Student: 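This structure is in structure tokens; I'll ask about it shortly.
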Amino acid sequence: MAKYDPSKVEAKWRSRWESQATDKVDLVGAKKPFYNLMMFPYPSAEGLHVGNLFAFVGSDIQGRYHRLLGYDVFEPMGFDAFGMHSENFALKNNRHPAELIPKNIERFRESQLKKVGLMIDWSHQVDTTSPEYYRWTQWMFVMLYKNGLAYRKTGPVNWCPSCKTVLAAEQVIDGECERCQSEVTKKEMAQWYFKTTAFAGELLDELDRLDWSERTKLAQRNWIGRSQGAEVVFKFADGTPFSVFTTRPDTLYGATYMVFSPEHPLVDQIVTPEQAPFVKAYRDEVARLTEIDRQAENREKTGVFTGAMAVNPVNDSLIPIWIADYVLMGYGTGAIMAVPAHDARDHEFAVKFGLPIIEVVSGGEDVQKQAYTGDGDLVNSDRFNGLEAKTKGLTAITEMLAAKNLAKFTTNYRLRDWCVSRQRYWGPPIPIIYCDKCGIVPVPEKDLPVMLPTLSDYRPDGTGRSPLTRDESFHKVKCPTCGESALRETDVSDNFLCSAWYFYRYPSTDFSDRPFDDEMTKKWLPVDLYVGGNEHAVLHLLYSRWLCRALNHCGYIDFQEPYKRFVAHGMIVSNGAKMSKSRGNIINPDLYIDEFGADSFRMYLMFMGAYLEGGDFRDGGVKAMKGFLDRLVAACLAPEGQTLSQKPPTEAESLFWLNSTVKAVGQDIARFSYNTAIARLMELVNFMTKNKVRSQSISETLTRLLAPFAPHLAEELWESLGHSQSVFDSGWPLYDEAACRRPEVEYVIQVNGKVRGKLSLAVGLTEAEIEPLVMENPGVAKWLEGKTLVKKIYVPDKLVNLVVK
RNA sequence: GCGAGAGUGGCGGAACUGGCAGACGCACCGGUCUUAGGAGCCGGCGGUUUUAACCAUAGGGGUUCAAGUCCCCUCUCUCGCACCA
């Protein structure tokens with residue numbers, strides 16, 4: 001190699017990898033399978049984003065590293081091409097997504113992904129919009145339905161007026177649509193749901209055992225949100241029972257009123273004629289509020305009295321029933337007992353409406369002024385007085401009621417069922433048919449896929465009905481059971497369903513008669529390593545965990561968690577600011593790759609910050625990295641026996657550099673500390689350059705260490721160093737632990753904790769051996785004059801600290 | 001409000017179980033080569049003062065022979081959840 005020209009080198013190796021199928025894995029014969037998964041991208045018209053590349057390169061390094069370690073690494077790629085993003089883009093540009101998507105995919109793969117040097121086995125590509133794929137997405141839906149994990153329900157849903165569709169709770173971020181940031185409103189609609197709550201407890205508990213990034217687990221824990229307490233039966237004045245959920249059954253004696261959610265169905269039955277107009281007005285007002293209004297911070301409590309009374313089961317006292325929007329229909333039973341003395345929200349409400357506040361737990365200052373939520377003993381609670389409230393008191397009161405069938409211990413989760421229907425066009429049609437005679441009929445498996453028809457007008461109309469409803473030939477069908485006229489479901493499913501199972505498909509793309517093959521799945525799943533962005537913590541990552549449990553529950557797979565390990569990478573910013581079109585600081589990866597090469601670009605992305613934390617992309621960084629690779633090439637390929645420096649390094653020194661670099665780079669890659677791994681490579685190159693060291697073994701080792709980061713260049717160097725096979729078949733270099741220690745160590749000599757001298761000494765000397773040397777040291781002796789030595793601290797091979805007075 | 005994480009030179013960032021703070025790189029400064037340098041190579045680069053010290057890891061206290069690292073308090077930022085009973 002004369003001079004390092006990345007464009008030539010990269011083109012050469014790209015075509016060689018392709019012609020020799022270097023990245024293709026023998027899925028059946030693999031001996032040490034390693035499934036290295038990255039989050040498949042949405043093929044946008046704008047092209048790949050640096051964020052995508054940052055994620056992919058970090059993952060690819062793991063794939064290549066494992067390959068060097070001797071694993072059969074399967075690193076597939078696909079396209080998450082259904083969904084509103086594509087549809088909205090097509091709408092805006094007056095095109096059809098079916099026409100745009102294939103072009104985008106082509107561009108992503110051919111002119112972007114393939115140029116980055118990812119070790120992708122393209123023979124297993126997946127495209128969620130192809131009928132061969134979404135046939136099985138629909139199969140998942142039917143499977144879930146048949147197993148009671150999918151159901152249709154009418155109720156309040158999140159509606160995005162801009163996207164003109166409903167959204168799942170997970171897709172509403174701070175009251176706004178995850179896609180378009182419009183304010184989400186509530187609507188009453190019939191929708192399809194998946195019973196994500198069915199596995200809420202397992203999904204939460206299993207997190208403790210998962211090898212995942214802590215922050216991802218934390219986000220899921222918060223989202224699933226378990227609270228333990230009791231369901232307590234109260235009665236209306238006429239004796240009709242109803243129940244409420246509370247985490248503090250110990251405070252039952254302090255319940256001074258009840259609150260129902262405004263949407264609660266029982267409100268109509270209990271409201272008294274005098275209060276009815278006020279209740280109606282309040283409910284209307286609440287219905288008009290958006291989620292943002294309703295959740296607004298520090299919002300003053302509102303509510304009205306229903307006129308009805310309830311009986312407290314512990315003491316038969318009569319307490320008023322109110323409705324207020326601080327009680328949510330979707331949680332617990334949609335009704336609460338209010339204990340203003342020991343709950344801040346109830347306290348605020350009670351103060352505003354002049355409701356009584358009764359202290360039942362001791363320890364607070366003045367519960368009339370402020371709710372006390374801390375620990376204490378029960379008071380004003382009959383025979384339970386004196387018991388420690390949150391422990392013994394809670395148990396005793398609940399058990400007393402439970403004996404009368406008036407309470408039971410329960411657990412509630414914040415998690416809601418996954419609303420999966422979408423009133424949009426660009427998605428997999430929900431495979432359901434409604435028949436007057438047979439009711440809900442899932443489309444039989446032999447009739448799948450339900451093909452998405454090509455509609456010229458696919459614009460959502462905001463009526464709450466999908467555009468597909470306008471296609472009569474699609475909408476009107478015969479019932480598969482009885483043959484009578486029936487109507488097809490026209491909603492499509494949430495595109496998070498497509499992505500919830502794609503990694504089962506990759507190893508099984510050769511099978512057209514099943515979603516995934518048992519043998520392949522046994523061999524390759526669960527995924528060994530999944531690297532991706534944490535923004536999917538409670539979306540894709542939660543949905544796919546749930547679906548995995550569902551598949552397991554229904555007997556299709558024998559594992560319960562889809563990913564053995566998940567690592568969340570950081571976010572990258574551009575020159576200190578978040579990347580955005582309006583700031584004009586979007587980075588176009590293609591420009592850098594064209595000018596400096598993919599290897600320099602990859603390495604800079606990995607060097608600019610800690611991979612798990614994110615980094616700051618600075619102009620000039622890629623160029624500097626190209627400069628480093630130039631120096632590396634020069635150092636590796638320098639002619640042997642060139643002029644050596646005046647003081648050539650000893651054999652031991654060279655060995656130290658070589659071995660300690662191998663050790664450190666391996667450890668750093670394993671913990672995703674790519675920036676420090678690259679720094680190590682730089683140090684080794686600096687050592688070689690500075691000392692004019694040229695040795696075949698150092699060059700070869702350096703090349704192999706470089707390979708995961710800069711694969712094209714590593715191949716080229718490996719060839720130049722006289723090898724004919726791929727560097728990725730050469731194995732990861734081994735190191736000698738003993739040689740990782742410096743031949744000489746520099747002892748730090750401190751006096752009273754301050755550095756006063758240094759001594760270069762052989763490794764492994766004892767305290768007695770070095771003591772005279774320390775005392776003689778002129779820099780040290782000066783600080784000892786006229787002082788008494790009180791204490792000596794000796795840390796082998798590191799430091800001596802003399803404490804004097 | 002609750003929970004988690006973070007705060008280190010002009011900048012991006014290092015520092016594993018407490019043991020030389022600032023690895024590695026960018027920017028900058030100086031030198032060299034050159035018709036030229038926005039190329040290459042060599043050197044310097046936290047601050048105050050200069051033979052030698054002292055001060056520095058958001059701020060304040062503490063533990064220790066020794067603290068960026070451990071403990072307590074305060075401030076700031078980022079993220080997650082948020083009227084979830």
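Because the structure is a prediction, the values reported are computed rather than measured.
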Student: How far does the C1' atom of B/C70 sit from the matching atom of B/G19, given to the nearest Å?
Tutor: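 B/C70 and B/G19 have their C1' atoms separated by 14 Å.
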Student: Would you kindly give the CG-to-P distance between A/Leu204 and B/G80, to the nearest whole Å?
Tutor: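 In whole Å, B/G80 P lies 19 Å from A/Leu204 CG.
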Student: Which nucleotide, B/A82, B/A85, B/A15, lies nearest any side-chain atom of A/Trp223?
Tutor: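 Of the candidates, B/A82 comes closest.
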Student: Please measure how far the P atom in B/C11 lies from the corresponding atom in B/G1, and state the result in whole Å.
Tutor: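 Going atom to atom, P in each nucleotide, I get 31 Å.
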Student: Roughly how far apart, to the nearest Å, are B/G10 and B/A4 at atom C1'?
Tutor: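 Approximately 32 Å lies between the C1' atom of B/G10 and that of B/A4.
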Student: Of the nucleotides B/A85, B/C24, B/A82, which one has an atom closest to the side chain of A/Ala679?
Tutor: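 Shortest atom-to-atom distance from the side chain points to B/C24.
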Student: Which sits closer to the 5' end of RNA chain B, A/Lys754 or A/Val748, going by the nucleotide each is nearest to?
Tutor: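 Comparing both residues, the 5'-ward one is A/Val748.
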Student: Using atom C1' in both nucleotides, what's the gap between B/C65 and B/C20 to the nearest angstrom?
Tutor: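 Going atom to atom, C1' in each nucleotide, I get 16 Å.
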Student: Taking the chi torsion of B/G9, is it syn (within 90° of 0) or anti (everything else)?
Tutor: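 Syn, angle within 90° of zero.
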Student: Quick one: label A/Arg215 by what it contacts on the DNA or RNA (base, sugar-phosphate, nothing), any heavy atom closer than 4.0 Å.
Tutor: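 Here A/Arg215 touches no strand at all.
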Student: A/Glu613 near the nucleic acid: base, sugar-phosphate alone, or nothing, with a heavy-atom cut-off under 4.0 Å?
Tutor: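 Result for A/Glu613 = nothing.
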Student: Does A/Leu252 reach the side chain of A/Met337, with side-chain heavy atoms less than 4.5 Å apart?
Tutor: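 They are in side-chain contact.
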Student: Taking any heavy-atom pair under 4.0 Å as a contact, classify A/Phe607: base, sugar-phosphate, or nothing.
Tutor: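 If one applies the 4.0 Å heavy-atom cut-off, A/Phe607 turns out to touch a base.
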Student: Could you tell me the separation between the CG atom of A/Asn534 and the C1' atom of B/U78, rounded to a whole number of Å?
Tutor: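 The distance from CG of A/Asn534 to C1' of B/U78 comes to 13 Å, rounded to the nearest Å.
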Student: Using the P atom in both, what is the distance from B/U69 to B/G9, to the nearest Å?
Tutor: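 Rounded to whole Å, the distance is 15 Å.
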Student: Between B/C20, B/A23, B/A82, which nucleotide gets closest to the side-chain atoms of A/Glu683?
Tutor: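 Taking heavy atoms from C-beta onward, the closest nucleotide is B/A23.
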Student: Using atom CG of A/Leu218 as one end and atom P of B/C79 as the other, report the distance to the nearest whole Å.
Tutor: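 Interatomic distance, CG of A/Leu218 to P of B/C79: 15 Å.
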Student: Under the salt bridge (Lys or Arg N to Asp or Glu O under 4.0 Å) test, which residues partner A/Asp599, sequence neighbours left out?
Tutor: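 Partners of A/Asp599 by the salt bridge (Lys or Arg N to Asp or Glu O under 4.0 Å) criterion come out as none, since no residue qualifies.
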Student: Name the closest nucleotide to the A/Phe245 side chain, picking from B/A85, B/C16, B/A14.
Tutor: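 When the side chain of A/Phe245 is considered, B/A85 is the closest of B/A85, B/C16, B/A14.
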Student: Can you tell me the distance, in whole Å, between the CZ atom of A/Arg631 and the C1' atom of B/C24?
Tutor: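 Taking atom C1' of B/C24 as the reference, CZ of A/Arg631 is at 11 Å.
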Student: Report the distance from atom CG of A/Asp616 to atom C1' of B/G13, rounded to the nearest whole Å.
Tutor: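 So the two atoms are 10 Å apart, to the nearest Å.
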Student: Answer yes or no: does a side-chain N or O of A/Arg756 lie under 4.0 Å from OP1 or OP2 of B/C20?
Tutor: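 Looking at the OP1 and OP2 atoms of B/C20, neither is under 4.0 Å from any side-chain N or O of A/Arg756.
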Student: If you look at every strand shown and take non-hydrogen atoms under 4.0 Å, does A/Glu746 touch a base, only sugar-phosphate, or nothing?
Tutor: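 Here A/Glu746 touches the bases of the nucleic acid.
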Student: Can you check the distance between B/G40 and B/C33, where both ends of the measurement are the C1' atom (answer in whole Å)?
Tutor: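 Those two atoms are separated by 9 Å.
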Student: Just by distance, with hydrogens left out, do A/Tyr326 and A/Asp346 show a side-chain donor and acceptor under 3.5 Å apart?
Tutor: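 The answer is yes; a qualifying pair exists.
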Student: With no angle test and no hydrogens, is the base of B/C65 tied to the side chain of A/Lys792 by a donor-acceptor pair under 3.5 Å?
Tutor: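 Donor-acceptor pair under 3.5 Å: no.
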Student: What integer number of Å spans the P atoms of B/C54 and B/C71?
Tutor: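 After rounding to an integer number of Å, I get 29 Å for this pair.
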Student: Within less than 4.0 Å of OP1 or OP2 of B/C65, is there a side-chain N or O belonging to A/Lys791?
Tutor: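 Checking A/Lys791 against B/C65: at least one side-chain N or O falls below 4.0 Å of OP1 or OP2.
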Student: Taking any strand in view, what nucleotide pairs with B/C26 in a Watson-Crick or G-U wobble way, both distances under 3.5 Å?
Tutor: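 Its partner is B/G10.
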Student: What nucleotide, of B/G43, B/C16, B/A85, holds the atom closest to the side chain of A/Lys798?
Tutor: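 For the A/Lys798 side chain, the nearest candidate turns out to be B/C16.
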Student: Which of the following nucleotides, B/A53, B/C26, B/C81, is nearest to the side chain of A/Ala624?
Tutor: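 For the A/Ala624 side chain, the nearest candidate turns out to be B/C26.
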Student: Atom CD1 of A/Ile572 and atom C1' of B/G12: how far apart are they, to the nearest Å?
Tutor: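 Rounding to the nearest Å, CD1 of A/Ile572 and C1' of B/G12 are 13 Å apart.
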Student: Go through B/G19, B/A85, B/G25 for me and flag the one nearest to the A/Val795 side chain.
Tutor: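 Side chain of A/Val795 sits closest to B/G19.
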Student: May I ask which nucleotide in the shown strands pairs with B/G38, Watson-Crick or G-U wobble, both distances under 3.5 Å?
Tutor: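 Pairing partner, where one exists within any strand: none, as none qualifies.
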Student: Does OP1 or OP2 of B/G12 have a side-chain N or O of A/Asn575 closer than 4.0 Å?
Tutor: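 No, because none of the side-chain N or O atoms of A/Asn575 sits under 4.0 Å from OP1 or OP2 of B/G12.
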Student: Compare the minimum distances between each of B/G25, B/G19, B/C81 and the side chain of A/Ile793, then state the nucleotide with the smallest one.
Tutor: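 Within the option list, the nearest is B/G19.
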Student: Do the non-hydrogen side-chain atoms of A/Pro6 and A/Lys626 ever get within less than 4.5 Å of each other?
Tutor: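 They are in contact (side-chain heavy atoms under 4.5 Å apart), so the answer is yes.
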Student: Look at all strands and tell whether A/Asn801 reaches a base, only sugar-phosphate, or nothing, counting heavy atoms closer than 4.0 Å.
Tutor: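 Base contact.
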Student: Mind checking who B/C45 pairs with, Watson-Crick or G-U wobble, both distances under 3.5 Å?
Tutor: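 The answer is none; no pair meets the criterion.
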Student: I'd like to know whether the aromatic ring centres of A/Phe260 and A/Phe242 sit less than 6.0 Å apart in this structure.
Tutor: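 Yes.
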Student: Under a plain distance cut-off of 3.5 Å, with no hydrogens placed, do A/Ser227 and A/Asn412 share a side-chain donor-acceptor pair?
Tutor: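 No, no side-chain donor-acceptor pair sits under 3.5 Å.
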Student: Nearest 0.5 angstrom please: A/Thr216 OG1 to A/Leu210 CG, how far?
Tutor: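 Rounded to the nearest 0.5 Å, the OG1-CG separation comes out at 10.5 Å.
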Student: Can you check the distance between B/A39 and B/A27, where both ends of the measurement are the P atom (answer in whole Å)?
Tutor: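 Pairwise P distance, B/A39 against B/A27, rounds to 9 Å.
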Student: Please confirm whether the shortest side-chain N or O distance from A/Thr676 to OP1 or OP2 of B/A23 is below 4.0 Å.
Tutor: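 It does not, given that no N or O in the side chain of A/Thr676 lies less than 4.0 Å from OP1 or OP2 of B/A23.
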Student: State which of B/C54, B/A85, B/C83 makes the closest approach to the side chain of A/Trp783.
Tutor: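 When the side chain of A/Trp783 is considered, B/C54 is the closest of B/C54, B/A85, B/C83.
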Student: Reading RNA chain B from 5' onward, which residue's closest nucleotide shows up sooner: A/Leu799 or A/Ala610?
Tutor: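 Taking each residue's closest nucleotide, the earlier one in sequence belongs to A/Ala610.
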Student: Taking NZ from A/Lys390 and C1' from B/A85, how many angstroms apart are they, rounded to a whole number?
Tutor: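 To the nearest whole Å, that distance equals 14 Å.
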Student: Looking only at side-chain N and O atoms, does A/Asn752 come under 4.0 Å of OP1 or OP2 in B/A66?
Tutor: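 Looking at the OP1 and OP2 atoms of B/A66, neither is under 4.0 Å from any side-chain N or O of A/Asn752.
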Student: Counting only Watson-Crick or G-U wobble pairs whose two distances fall under 3.5 Å, which nucleotide matches B/G80?
Tutor: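 Base-paired to B/C2.
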Student: Just how far is it from atom CZ of A/Arg631 to atom CE of A/Met682, taken to the nearest 0.5 Å?
Tutor: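 A/Arg631 atom CZ to A/Met682 atom CE measures 7.5 Å (nearest 0.5 Å).
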Student: Under the 3.5 Å rule, do the base of B/C81 and the side chain of A/Asn222 count as making a donor-acceptor pair?
Tutor: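 Answer no: no donor N or O sits under 3.5 Å from an acceptor.
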Student: So, do A/Tyr257 and A/Phe349 have ring centers that fall under 6.0 Å from each other?
Tutor: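 A/Tyr257 vs A/Phe349: aromatic centres under 6.0 Å.
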Student: Roughly how many Å is it from CG in A/Asn686 to P in B/C42, rounded to a whole number?
Tutor: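 Taking atom P of B/C42 as the reference, CG of A/Asn686 is at 9 Å.
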Student: Between A/Lys663 and B/C16, does any side-chain N or O lie under 4.0 Å from OP1 or OP2?
Tutor: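 False: A/Lys663 side-chain N/O out of range (4.0 Å or more) of B/C16 OP1/OP2.
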Student: Looking across every strand, which nucleic acid part, if any, lies under 4.0 Å from A/Val244 by heavy atom: base, sugar-phosphate, or nothing?
Tutor: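 If one applies the 4.0 Å heavy-atom cut-off, A/Val244 turns out to touch nothing in the nucleic acid.
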Student: Report the base-pairing partner of B/C65 (Watson-Crick or G-U wobble, both distances below 3.5 angstrom), or none.
Tutor: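 Partner of B/C65: B/G19.
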